[in-house]
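What follows is a set of notes on a single structure, which appears directly below.
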Amino acid sequence: MDSAPGSGSPHFHLRGGELCCEGVALPSLVEQFGSPLYVYSAATVRERVARLRAAFGERAHLCYAVKANPNLHLLRLLHDLGCGFDLVSGGELERLRAASLPTARSVFAGVGKEPWEIDAAVAAGILFFNVESPHELPLLAAAGARGGRAVQVALRLNPDVDAGTHAYISTGKDENKFGVAIDRAGAIVDAIVADPWLELVGYHVHLGSQLQTAAPYAAALARVTAFVDQDPRRAEGVRYYDLGGGFGIGYGRGEELDVEAVAQAVQPQLAARGWTPVIEPGRYLLGDAGILVTTVLGEKAQGKARFLLVDAAMNDLLRPALYQAEHPIVAVAPRADADEVEVDVVGPVCETSDFLGRGRRLPRCRAGDLLAVLAAGAYGASMASNYNTRRRPAEVLVDGDQVRRIRRRETFAQLFENEVEA
Ligand code: LLP
């Protein structure tokens, strides 16, 4: 069984000249569910959860970052694998409700929480809030007082550590809006400790996304412990250290982050303090578990470039346009005799930034051929939009030989129903 070149998951593999997801050939899925199409592999998600469990141990709280891919069926799968959730909006909390999932093992971060979101999450009885701004404290305390129970909070510190990642997905530097700068955090801890309706249970950091080394995690923990050790009140009652997410994957070029190394860099300190690790992986669990299948519409040469026009676009997968992200792209059924050509793979949207990959060597394609954009399971469907009045793709979950459609493709009527009835 050959893994698809560039895939971070062995479950996307070539069989009989066709790319398959687990036991199912992709062309048959497109026939059934249309194109473009998001396809996810359940086995990949299971393996990633197991890898994190092996690295961080059974005691660690694994809170899947819902924003990476909030599909209700994927949330259920992750819940069944023992995950809680990292939420950043009242909408994500509503998703847990819609999926009939418990909220007691979820944490809620967010740099600008609204009063109704705080009230809803307190009422839902989440594990703790990651407080990022002083404005939240009176709202949290009032919600606690109304419910007659102190609200558990972790303070999100901004440790001013460089995550070495794309500027748009770096969050732990002091020029970023996230968390509370350490030199201002003492006063906020004081305010939490002084309020009978708030209970300080931990500290949170999240340095950014797609980190490649363990060093920033270690550096952040060192800054947090230095802060805590300045005043015994900062440690009182503290039992969680939420080290955030950000575990990087390979995208066909690099290695994925060594999660064992991250665990080893933080575990001894956490164990010595009796702090339970909380992790919030998104991309690491879902990124390599999903692909976007797209159909070739045609080809055109212009200037020095040769454009391969496909039916998926920046509205379906925004990462290349927004972050200059490079996702591996492979032919689903490469013809043995096709020569390779260098192409820009572009979609139909009216923007020059609408590309899925530039300067890619691919077997020469004809209209109707299928391509797969790999490592698209995280921040693919979740960031898709209706730009150019395009319907977001259907999504399917493959588990062995079983196929389940987990999201229908939108209809045009759905796209404008709120305007018709405005
Ligand atoms: N925890 C917090 C507080 C976060 O803000 C994030 C991601 C995560 C956990 C999960 O990070 P992950 O493990 O997935 O790296 N749209 C961008 C990524 C933005 C990430 C935002 N926060 C992308 O497509 O690369």
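Quick note: numbers below take in every heavy atom, side chains included, and nothing from hydrogens, waters or symmetry partners. Whatever order the structure lists them in is the order used to number ligands and atoms, beginning at 1.
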### Query
What atoms in ligand 1 come closer than 4.0 Å to a heavy atom of Gly245?
9 (C), 13 (O)
### Task
Answer yes or no: does an N/O atom from Gly246 fall short of 3.5 Å to an N/O atom of ligand 1?
yes
### Query
Do ligand 1 and Arg283 have nitrogen or oxygen atoms that lie under 3.5 Å from each other?
yes
#### Entry: Stepwise side chain to side chain contact (heavy atoms under 4.5 Å, CB included) test for Leu317 and His327
CA-CA 10 Å; Leu317 180 64; His327 288 253; 4.3 Å; yes
Among protein heavy atoms, which sits nearest to [atom], and what does the distance come to when rounded to 0.1 Å?
| atom | answer |
| --- | --- |
| atom 20 (C) of ligand 1 | Tyr379 OH, 3.6 Å |
| atom 19 (C) of ligand 1 | Ile169 CG2, 3.8 Å |
| atom 8 (C) of ligand 1 | His206 CE1, 3.4 Å |
| atom 15 (O) of ligand 1 | Ser209 OG, 2.3 Å |
| atom 17 (C) of ligand 1 | Tyr323 OH, 3.0 Å |

### Query
Strictly under 4.0 Å, does any heavy atom of Ala68 approach an atom of ligand 1?
no
### Query
Is it true that Gly244 lies under 4.0 Å from ligand 1, counting heavy atoms only?
no
#### Entry: Option whose closest heavy atom lies nearest to atom 24 (O) of ligand 1, chosen from Arg319, Lys67, Gln210
Arg319
### Query
Which of these, Met383, His204, Glu280, Glu132, has its nearest heavy atom closest to atom 9 (C) of ligand 1?
Glu280
### Task
Just do the side chain to side chain contact (heavy atoms under 4.5 Å, CB included) check on Phe56 and Glu260 with the steps written out, would you?
CA-CA 7 Å; Phe56 286 91; Glu260 292 267 347; over 6 Å; no
